[in-house]
Amino acid sequence: MKLVRGIDGLAFVRHSLPMFDLVLVAAIAGIAAVRGVQMGSRWALLACGLLIFAAADVVYGLQVTAEIYVLGTPLDAGWAIGLALMAMWVDGAAQARRTATPVPRQATLATALAVSSMATVAGLGVLVMSSQVPVSMLALVLAAGALLAAAVRAQLAARLLERMAEQRLVAAATDELTGLPNRRALYAEGHARLAEPGGRRQALLMLDLDRFKEVNDSLGHRAGDQLLIQVGARLQENLRGDDMLARLGGDEFAVLLDDSGHDEAVHAAARLCAAVGEPIIVEDTSLRVGVSIGIGLFPDDGPDLSVLLRKADIAMYKAKTSQLGHHVYSTADDADGEATRQTVNELRTALKSDQLVLHYQPKVDLDTGEVNSVEALVRWDHPTRGLLYPGAFLSLAEESGLMPSLTQVVLAQALDQVADWHRDGHPLTVAVNISASSLVDVDLPSQVASMLAARGVPSSALQLEITEGFLMVNRDLAQVILTRLRNIGVRISVDDFGTGYSSLAYLRDLPIDEIKLDNSFVIPMTHDARTAAMVSSTIKLAHSLGLRIVAEGVETAGTYTELTRMGCDQAQGYFMSRPVPAAELSPWLNHWHALDQSADILQLLPGGDR
Ligand code: C2E
Ligand code: MG
Ligand code: MG
């Protein structure tokens, strides 16, 4: 007992052991007081155990002092019982922790606050009392300690609050998905930069992804989110340190290019377009999405950020509809923007009021000269602007989400017409163009099936023309939807073949019946030997894969004859007939069938809608 100076061993045993026990019991009582009625029987075990243990200690201390302690009396069992009860508490507590529902954070915080407040009040009380009555040094030290701890705690809490406020500010300015600055941050930074006295030139780029909706619709929102994250990272990699990239929401991003005028902005936009255009792997699928960028310049196009944003947005729309990639705002775009909005509204009305009409262009069988199928091409019979061609309204329909309705209208009209022709003894097949945005609709196969059934038209009388773009965006979904369409008996044709940047692998993998060689190969083939070689080998490729091949854009007798020689299956073009209204097709068919194909073909007079 050398460690306890001035106190002999027996005195230490006599005073200290019961003291420690009582401190423990007091602690349990304190916890019990704070936890209130939720204590439960487990804590009673601990309290009883400690009390029995402490009682044994007190009796032991007294007996040792009186020198009457004898080993092996029932007193020794007191410690064993006390320990056993405490062990039961430990075991019960471990089990309870495994199954317990977590104590609400609010309750924990309230408890912590209550304990520290009580300690502070008690400490203050002791210090105040010490000025009136003598208080032991230990109590004074403890009270001072409690107050010091309270002061430290207050400091920590203040710092924590400060950090939380900072974090909240950062979160409010950050886009949750990509971690990029958000619209709010762009406004703050943009206003500050543009308001700088004698500020530098700034260029605002508005970016909107092309075909993002297709990805979202076909691969799901998770894939869409991953795509946005990767696009964000790519854009960031292609910017300088002083440029600010923000995500405005959806598939819209904005870039504030520091110290940049027209040329710098155009260069940056071209760089960003190229970067986003590279394939992106999302969920093991290689996707290609493009981006349309509108550019607004400060100070030329507007004095503040809101005006600049509006101008860049108008320019972006122009870039998108003209598929230019990027476009720098000019005042002429304002009128364009207004006109575009009006056209979209008119198109919405047109879809409901039978203003869309179909013209039909025959596809001639080069082997027999017969016409068994036609392509339906949509036109808009505009009340004031006359007959409009697809180039004038299809991209608007796509952009404004009207394409699915347009597809429905066209399908219904084409099938009505086929039903009429079949009744009139012309068992023609009609080919309908289906945009990628309509094809990703998983209900399309069942809608097509019921439309066919409603008119009593066989499914072999319908062909759907799709473009390579759709096959590229999502090969797996294309496989599923095309297979379902094929299963109901509808034939699938790949339109504008050769113009996409796709690989040929899809020809092998997907359920396709026919390819339509784009007119950019067919028109020059008679005066360009290399093009002719490509046409010839594409015909062989199609045949070796068991596909039929149709040449689009046959404008001359020479092309017709050459394609026949090369073994092409069908031809479509102005040479035989332009697309014509249904009423004009029957006379044309009668005229065509009356011709001696080999002799009279050169005397054909193209007619039709242009
Ligand atoms: P496409 O499906 O490749 O249709 C062929 C286009 O080539 C038609 O243009 C047709 O008029 C034109 N064409 C036909 N023969 C010749 C020729 O000998 N020489 C030249 N230079 N051109 C010829 P159109 O009618 O303006 O249609 C353009 C595109 O609009 C179509 O290309 C198709 O992709 C799309 N389209 C047309 N109708 C619809 C529709 O109902 N729905 C959808 N989603 N797209 C449609
Ligand atoms: Mg077509
Ligand atoms: Mg085509």
Side-chain angles (χ1 to χ4, degrees), residues 214 323 347 350-351 355-364 373-381 387-417 429-441 444 448 462-470 491-500 512-526 538 549-560 563 570-582 585 588 604-610:
E214 284 167 36
Q323 298 178 354
L347 183 58
L351 283 166
Q355 289 177 23
L356 294 188
V357 294
L358 295 184
H359 284 188
Y360 299 90
Q361 189 176 32
K363 290 154 107 177
V364 177
S373 52
V374 294
E375 175 173 8
L377 293 154
V378 70
R379 275 88 180 96
W380 179 3
D381 195 2
L387 196 70
L388 300 181
Y389 290 85
F393 59 91
L394 278 190
S395 52
L396 277 186
E398 193 75 78
E399 280 300 308
S400 50
L402 294 174
M403 197 49 121
S405 322
L406 186 142
T407 301
Q408 292 290 318
V409 168
V410 169
L411 265 173
Q413 273 195 41
L415 291 177
D416 284 345
Q417 186 57 56
T429 292
V430 72
V432 173
N433 293 282
I434 302 284
S435 71
S437 56
S438 304
L439 255 186
V440 293
D441 180 358
L444 183 76
V448 167
L462 178 66
Q463 202 169 352
L464 298 182
E465 294 193 7
I466 60 175
T467 52
E468 288 175 314
F470 167 71
R491 274 174 295 158
I492 309 294
S493 185
V494 176
D495 207 352
D496 305 342
F497 183 76
T499 54
I512 289 164
D513 301 282
E514 175 185 284
I515 57 177
K516 293 187 79 178
L517 190 56
D518 191 64
N519 60 24
S520 56
F521 295 95
V522 177
I523 292 172
M525 66 176 274
T526 46
T538 309
I549 180 159
V550 182
E552 295 185 301
V554 179
E555 295 185 345
T556 64
T559 311
Y560 186 97
L563 285 166
Q570 286 187 330
Q572 181 182 345
Y574 296 165
F575 173 61
M576 293 80 80
S577 171
R578 289 179 179 247
V580 291
L585 191 75
W588 182 91
L604 278 170
L605 283 177
D609 66 359
R610 268 195 250 203

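All values below were derived from every heavy atom in this structure, side-chain atoms included, with hydrogens, water molecules and symmetry-related copies excluded. We count ligands from 1, going down the list as the structure has it; atoms in each ligand are counted the same way.
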First locate atom [atom1] of [X], then atom [atom2] of [Y], and finally report the distance between them rounded to the nearest 0.5 Å.
X      : Y      : atom1 : atom2 : value
Glu465 : Ser493 : CD    : OG    : 4.5 Å
Ile434 : Leu464 : CD1   : CG    : 4.5 Å
Ile466 : Asp496 : CD1   : CG    : 11.5 Å
Ile515 : Ile549 : CD1   : CD1   : 4.0 Å

For the pair [X] (side chain) and [Y] (backbone), establish whether a donor and an acceptor sit closer than 3.5 Å, ignoring hydrogens and angles.
X      : Y      : answer
Asp513 : Ile492 : yes
Glu514 : Gln463 : no
Ser400 : Leu396 : yes

Residue portion contacting ligand 1 (non-hydrogen atoms closer than 4.0 Å) for [X]:
X      : result
Asp496 : side chain
Asp518 : neither
Glu375 : side chain
Lys516 : neither
Arg578 : neither
Thr467 : neither
Asn433 : both
Glu552 : side chain

Only residue of Lys516, Lys363, Arg578 satisfying salt bridge (charged side-chain N to carboxylate O under 4.0 Å, His left out) with Glu375 is Lys516

Numbering the atoms of ligand 1 from 1, which are under 4.0 Å from a heavy atom of [X]?
X      : value
Gly573 : 15 (N), 18 (O)
Asn519 : 20 (C), 21 (N), 22 (N)
Ile523 : 21 (N)
Val554 : 18 (O)
Gln361 : 14 (C), 15 (N)

Pairwise side-chain contact, Gln417 with Val374, heavy-atom cut-off 4.5 Å (strictly under):
no

Please say whether Tyr389 places an N or O atom under 3.5 Å from an N or O atom belonging to ligand 1.
no

Any N, O or S atom of Ser493 closer than 2.8 Å to the Mg ion (ligand 2):
no

With the threshold set at under 4.0 angstrom, would you say [X] reaches ligand 1 through any of its heavy atoms?
X      : result
Arg379 : yes
Pro579 : yes
Glu555 : yes

Is any N, O or S atom of Glu465 under 2.8 Å away from the Mg ion (ligand 3)?
no

Using a distance threshold of 2.8 Å, state whether an N, O or S atom of Asp496 lies below it from the Mg ion (ligand 3).
yes

Nearest heavy-atom neighbours spanning Gln413 and Val357:
OE1-CA, 3.9 Å

Given Leu394 and Leu406, is the side chain to side chain contact (heavy atoms under 4.5 Å, CB included) satisfied, shown in steps?
CA-CA 9 Å; Leu394 278 190; Leu406 186 142; 4.1 Å; yes

Report, rounded to 10°, the angle at the Mg ion (ligand 2) between the two atoms OE2 (Glu375) and OD2 (Asp495).
180°

Of Asp495, Val378, Val522, the residue with the heavy atom nearest atom 39 (C) of ligand 1 is Val378

Going through the checks in order, is the side chain to side chain contact (heavy atoms under 4.5 Å, CB included) test met by Leu356 and Asp381?
CA-CA 6 Å; Leu356 294 188; Asp381 195 2; over 6 Å; no

Begin with the C-alpha distance, continue with both residues' side-chain angles, and end with the deciding distance and a verdict on side chain to side chain contact (heavy atoms under 4.5 Å, CB included) for Trp588 and Met576.
CA-CA 10 Å; Trp588 182 91; Met576 293 80 80; 4.2 Å; yes

